[in-house]
Amino acid sequence: MSPIPDTLRRAVTEDLLAWFARHRRPLPWRSDRDPYRIWISETLLQQTRTQQAWPYFERFLSRFPTLESLARAELDDVLKAWEGLGYYARARHLHRAAREILLRHGGRIPDRWEALRALPGVGDYTAAAVLSIAYGQDYAAVDGNVMRVLSRVLALPDPIDRASTRRTLRALAQELLPRGQAGEWNQALMELGALVCRPRKPHCASCPLQAVCRARATGRSEAYPIKGARRPVPHYTVVVGLIEDAQGRWLLARRPEGKMLGGLWELPGGKVRSGEELAEALRRELREELGIEVRLGPPVGVVEHTYSHFRITLHGFRCHIQQGTPEGREGQDIRWVAPEEIGHYALARATQKLLAQLAQAPQGELFSG
DNA sequence: GAATCGTGGCC
DNA sequence: TGGCCAAGATT
């Protein structure tokens with residue numbers, strides 16, 4: 001690697017740290033350096049905005065204040081605390097990792113790279129963040145903010161999507177890192193990315209790095225980092241059943257862990273095939289998944305929803321079982337739940353939206369509509 | 001290396 | 001309004 005000019009090094013270390021000292025936000029996970037709290041916050045913040053993670057952090061910590069309380073909790077309760085935040089593998093991994101830490105590390109968050117990195121849900125970024133912020137070790141935590149800031153400072157022409165580009169930036173960050181101040185410096189770089197060097201409309205005029213920033217010099221800071229084209233987002237039509245039994249309870253099914261929304265509860269149903277009617281598709285899905293024949297009632301509602309890599313139009317219909325007793329295929333958990341108990345179950349957003357429409361529409365309107 | 005995996009805010 | 005994006009990890 002070519003040597004780093006002193007002016008650049010000074011700007012991205014001393015000047016940046018001075019800027020951070022004045023502008024750091026009082027975020028709830030910055031009240032101390034407790035490794036458990038730092039680990040939880042870093043996991044919550046993966047691909048998630050600070051403002052969105054904030055209330056979840058408060059609730060999660062009050063519900064699971066210690067590593068041991070998390071390790072001894074039921075996964076369903078952990079998922080309930082994560083409900084609505086997305087990327088639910090984070091919650092499943094957190095739960096598994098907590099049990100591993102209690103079992104193999106005496107309940108203390110590991111302070112060595114190898115042990116930390118080996119935990120489920122802990123990648124390069126999170127390991128570096130915990131080791132630097134909680135334990136004061138010299139690891140550069142390179143997230144999207146850091147890559148954006150550095151790619152602009154250098155006016156990097158290489159696409160940021162490429163692994164080789166990311167490797168280069170990680171190596172550069174590790175080389176720039178002021179020894180003994182990694183925790184502050186990592187947070188400073190990320191804070192700069194969040195508050196000043198933002199993806200859109202960066203505040204270059206108030207940036208502590210403006211004198212050395214090559215993107216700023218071109219006048220086109222927003223053009224960096226360079227990104228490749230995205231794939232088109234597919235769309236599916238999905239239909240689910242609000243199946244009611246004689247006591248007025250509804251049938252919920254638990255999504256298998258390891259799949260999308262794994263561990264969350266939903267109304268049973270599935271994708272509509274091309275050329276297939278909604279009612280036809282729903283009867284087929286319920287036959288295949290639960291081994292029941294149903295009679296369809298009135299529609300519950302329609303929901304548009306976007307997931308991470310596709311979007312759906314979700315239709316719901318009331319159903320009554322005509323024949324058979326529902327049994328989850330391959331041991332999938334299913335459960336009859338009284339409507340007033342449904343709030344105890346972790347549901348995905350799309351299901352919540354659909355049930356919200358049900359709450360708004362009186363029974364009579366559904367039939368007359 | 002490329003796919004998969006959520007949700008909400010922004011313009 | 002629809003695409004972009006956010007304190008990434010896993011397979």
Side-chain angles (χ1 to χ4, degrees), chain A residues 24-25 27-30 38-57 79 82-94 96-97 116-130 132-134 139-149 159-167 170 173 183 185-195 197-202 222 225 227-235 255-264 266 303-312 346-353:
Chain A
R24 77 183 285 153
R25 292 170 291 176
L27 304 175
W29 44 87
R30 285 180 174 162
I38 301 297
W39 172 47
I40 300 297
S41 71
E42 290 302 340
T43 305
L44 280 165
L45 287 162
Q46 288 167 11
Q47 297 291 287
T48 305
R49 285 181 164 74
T50 296
Q51 300 306 324
Q52 195 188 358
W54 191 318
Y56 280 87
F57 179 81
L79 286 170
W82 212 268
E83 183 185 43
L85 192 58
Y87 285 143
Y88 299 95
R90 293 182 293 175
R92 301 194 302 269
H93 290 150
L94 217 44
R96 263 176 47 205
L116 201 50
R117 186 64 179 75
L119 295 169
V122 179
D124 287 346
Y125 164 78
T126 303
V130 170
S132 63
I133 298 171
Y139 289 92
V142 182
D143 74 333
N145 285 308
V146 176
M147 287 193 283
R148 183 174 58 256
V149 170
I160 199 70
D161 319 87
R162 214 140 63 194
S164 59
T165 307
R166 292 164 178 263
R167 266 199 306 279
R170 279 199 295 272
W185 186 74
N186 282 331
Q187 294 183 76
L189 218 36
M190 291 189 277
E191 196 81 331
L192 187 71
L195 300 181
C197 196
R198 311 179 303 182
R200 282 170 305 200
K201 300 188 176 181
E222 212 170 327
K227 298 202 169 185
R230 287 210 171 186
R231 289 182 307 147
V233 178
H235 175 270
R255 294 189 56 86
E257 293 175 30
K259 294 183 64 178
M260 188 175 62
L261 308 174
L264 271 61
E266 65 179 2
V303 165
E304 297 293 334
H305 191 75
T306 305
Y307 291 108
S308 53
H309 56 298
F310 64 94
R311 57 194 176 85
I312 65 167
L347 306 175
R349 270 288 184 254
T351 303
Q352 293 180 350
K353 287 192 213 169

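Please read all numbers here as calculations on a predicted model, not as lab measurements. Numbers restart at 1 for each chain; the letters A, B, ... are given by sequence-line order, proteins then strands.
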For a quick test of reading the model: is some side-chain N or O of A:Arg231 closer than 4.0 Å to OP1 or OP2 of B:dT4?
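For A:Arg231, the contact criterion (side-chain N or O under 4.0 Å from OP1 or OP2 of B:dT4) is met.
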Indicate whether OP1 or OP2 belonging to B:dG6 is found under 4.0 Å from a side-chain N or O atom of A:His309.
no
Send over the distance from [X] [atom1] to [N] [atom2], rounded to a whole Å.
X	N	atom1	atom2	result
A:Glu222	C:dC4	CD	P	14 Å
A:Leu79	B:dC5	CG	P	16 Å
A:Lys259	B:dG6	NZ	P	12 Å
A:Arg198	C:dC5	CZ	P	14 Å
A:Lys201	C:dC5	NZ	P	15 Å
A:Leu44	C:dA9	CG	P	13 Å
A:Arg92	B:dT4	CZ	C1'	12 Å
A:Gln352	B:dG6	CD	P	14 Å

Which label fits A:Tyr307 and A:His305: parallel for a plane angle under 30°, tilted from 30 to 60°, or perpendicular past 60°?
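Plane angle over 60°, so perpendicular.
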Toward the 5' end of DNA chain B, by each residue's nearest nucleotide, A:Arg167 or A:Arg349
A:Arg167
How far, in whole Å, is B:dG8 from C:dT1 if one measures between their C1' atoms?
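Result for the C1' pair: 15 Å, nearest Å.
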For atom C1', what is the distance between C:dT11 and B:dG1, given to the nearest Å?
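The same atom, C1', in both gives a distance of 11 Å.
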For the side chain of A:Arg200, starting at C-beta, report the closest nucleotide among B:dG1, B:dG9, B:dT7.
B:dG9
Is A:Val122 touching bases, backbone alone, or none of the nucleic acid, heavy atoms closer than 4.0 Å?
sugar-phosphate
Considering every strand and a 4.0 Å limit on heavy-atom distances, what is the contact class for A:Ala129: base, sugar-phosphate, or nothing?
nothing
State plainly whether the residues A:Glu304 and A:Arg311 are in salt-bridge range, i.e. N to O under 4.0 Å.
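So A:Glu304 does not pair with A:Arg311 through a salt bridge.
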Let me know which of A:Arg170, A:Arg117, A:Arg166 forms a side chain to side chain donor-acceptor pair (under 3.5 Å) with A:Asp124.
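Single side chain to side chain donor-acceptor pair (under 3.5 Å) partner of A:Asp124 among A:Arg170, A:Arg117, A:Arg166: A:Arg117.
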Measure the OH-CG distance between A:Tyr88 and A:Leu261 for me, rounded to the nearest 0.5 Å.
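Answer rounded to 0.5 Å: 6.5 Å.
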Minimum heavy-atom distance A:Ala127-A:Val122, with the two atoms named
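Here A:Ala127 and A:Val122 meet closest at N-CG1, 3.7 Å.
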side-chain hydrogen bond (donor to acceptor under 3.5 Å, both in side chains) between A:Gln352 and A:Arg349: does it pass, once the steps are laid out?
CA-CA 5 Å; A:Gln352 293 180 350; A:Arg349 270 288 184 254; 2.4 Å; yes
Centroid separation A:Phe57 to A:Trp29 less than 6.0 Å
yes
Using a cutoff of under 3.5 Å, can you pull out all pairs of nitrogen or oxygen atoms linking the protein to nucleotides 6-8 of chain C, with atom names and distances?
from  : atom 1 : to       : atom 2 : distance (Å)
C:dA6 : OP1    : A:Arg148 : NH1    : 2.7
C:dA6 : N3     : A:Arg49  : NH1    : 3.3
C:dA7 : OP2    : A:Asn145 : OD1    : 2.7
C:dA7 : OP2    : A:Asn145 : ND2    : 3.1
C:dA7 : O5'    : A:Asn145 : ND2    : 3.0
C:dA7 : O4'    : A:Asp143 : OD2    : 2.5
C:dA7 : N6     : A:Trp29  : NE1    : 3.3
C:dA7 : N6     : A:Arg30  : NH2    : 3.2
C:dG8 : OP1    : A:Gly144 : N      : 3.1
C:dG8 : OP2    : A:Gln47  : N      : 2.8
C:dG8 : OP2    : A:Gln47  : NE2    : 3.2
C:dG8 : O5'    : A:Gln47  : N      : 3.4

